[in-house]
Number of protein chains: 2
Amino acid sequence: MKKKNEASEISIGKQVAMRMPKDEILYDMAELFKVFGDTTRTKILCALFESEMCVCDLTEAVGMTQSAVSHQLRILRHARLVLVKRKGKLSYYSLGDNHVKKIFSMAMEHTLEPK
Amino acid sequence: MKKKNEASEISIGKQVAMRMPKDEILYDMAELFKVFGDTTRTKILCALFESEMCVCDLTEAVGMTQSAVSHQLRILRHARLVLVKRKGKLSYYSLGDNHVKKIFSMAMEHTLEPK
DNA sequence: TGAACATATGAACTGTTGTTCATATGTTCA
DNA sequence: TGAACATATGAACAACAGTTCATATGTTCA
């Protein structure tokens, strides 16, 4: 163990531990990122960035099977990252809220940035 | 299959497919999110948000074993989300760049938002 | 009503990921 | 130099996540 900081009895580690957000919040944040963290879902979101679309167009746009797309849409739906409205036999999906767009473009910047 | 759009021969799906970023970019984006998408790593980043810290303080801050923390730090390092500088026998970690902070606070907003 | 289409979902399989445990590497200081 | 400490890492194991395949549900329209 490291020796105690002269100025205080409590280590930085302990201090920060006390100020940390509740586990539940951090868990939820991680869950949110987990949803973004899959190529198929990233593709879907990226496609929806361009325009609202039905599942069969999405399937074509991302180049995966209809089943795979549907499974991933369910996950995106539950995370409230996308919205659905049914019109006849088609289900139209769109991006959920503005956070999605902001987070997404922020990540795009980070990814494209020269290293 | 859905009948063709009257106005154009090419479906929205195909059009969007053509405008999509390269697979490699989408893959990298997903990889970035994947790194954020784990509670231990989220905790680590959250702690580093408060201040630069050595591994043993981090270990205390997030309440996991030293080994677990070290393994996750390696992943964060490779993703360039954190920086290390060695001082004597201690390794001090800090947040990598501003994107990290922005993405992180954006996600926090989304998570805390009332549903 | 029933055929054709759009979408959703369950089960099985496979690959991936995170933790633990043991141990290696690297640094200080007596 | 060697003991004590800080950090890193490899291997094994368990849990989880994504795709596929088969099929169910729901909708339209002849």
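Hydrogens, waters and symmetry mates are skipped; everything else that's a heavy atom, side chains included, is used.
Shown for residues 31-52 of chain B: residues whose heavy atoms fall under 4.0 angstrom of DNA chain C, namely B/K34, B/D38, B/T40, B/R41. For the contact set between residues 69-78 of chain A and DNA chain D, defined by any heavy atom under 4.0 Å, the members are A/H71, A/Q72, A/I75.
Nearest nucleotide to the side chain of B/M64, out of C/dT19, C/dA6, D/dT7: C/dT19.
Note on A/S91: every side-chain N or O is 4.0 Å or more away from OP1 and OP2 of C/dA6. Considering only side-chain N and O atoms, A/Y93 lies under 4.0 angstrom from the phosphate OP1 or OP2 of C/dA8.
Not counting sequence neighbours, B/K101 has no partner by the side chain to side chain donor-acceptor pair (under 3.5 Å) test. The ring-ring contact (aromatic ring centres under 6.0 Å, His included) test applied to B/Y93 returns no partner, not counting sequence neighbours. Applying the side chain to side chain contact (heavy atoms under 4.5 Å, CB included) criterion to A/K102, with sequence neighbours excluded, gives B/M106. Partners of A/R86 according to the side chain to side chain donor-acceptor pair (under 3.5 Å) rule, which considers only residues two or more places apart in sequence or in another chain, do not exist here. Not a single side chain to side chain donor-acceptor pair (under 3.5 Å) links B/K89 to another residue, sequence neighbours left out.
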Next on the checklist: Dot-bracket, 5' to 3', for DNA chain D please: Watson-Crick or G-U pairs under 3.5 Å, [ ] where pairs cross earlier ones, | where the partner sits on another strand, dots elsewhere.
Outcome noted: ||||||||||||||||||||||||||||||
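For residues 35-54 of chain A, every residue pair satisfying the ring-ring contact (aromatic ring centres under 6.0 Å, His included) rule, not counting sequence neighbours, is listed here: A/F36-B/F33, A/F49-A/F104.
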Under 3.5 Å, sequence neighbours excluded: what are the donor-acceptor pairs made by side chains of residues 66-74 of chain B?
from, atom 1, to, atom 2, distance (Å)
B/Q66, NE2, B/S70, OG, 3.3
B/Q72, OE1, B/R41, NH1, 2.6

Quiz: residues 18-31 of chain B side-chain donor-acceptor pairs under 3.5 angstrom, not counting sequence neighbours:
from, atom 1, to, atom 2, distance (Å)
B/R19, NE, A/E50, OE1, 2.7
B/R19, NH2, A/E50, OE1, 3.1
B/E31, OE2, B/K34, NZ, 3.1

Next on the checklist: I'd like to compare against my own output: the B/S/- annotation of nucleotides 22-30 of chain D with a strict under-4.0 Å heavy-atom distance to protein.
Outcome noted: B----SS--
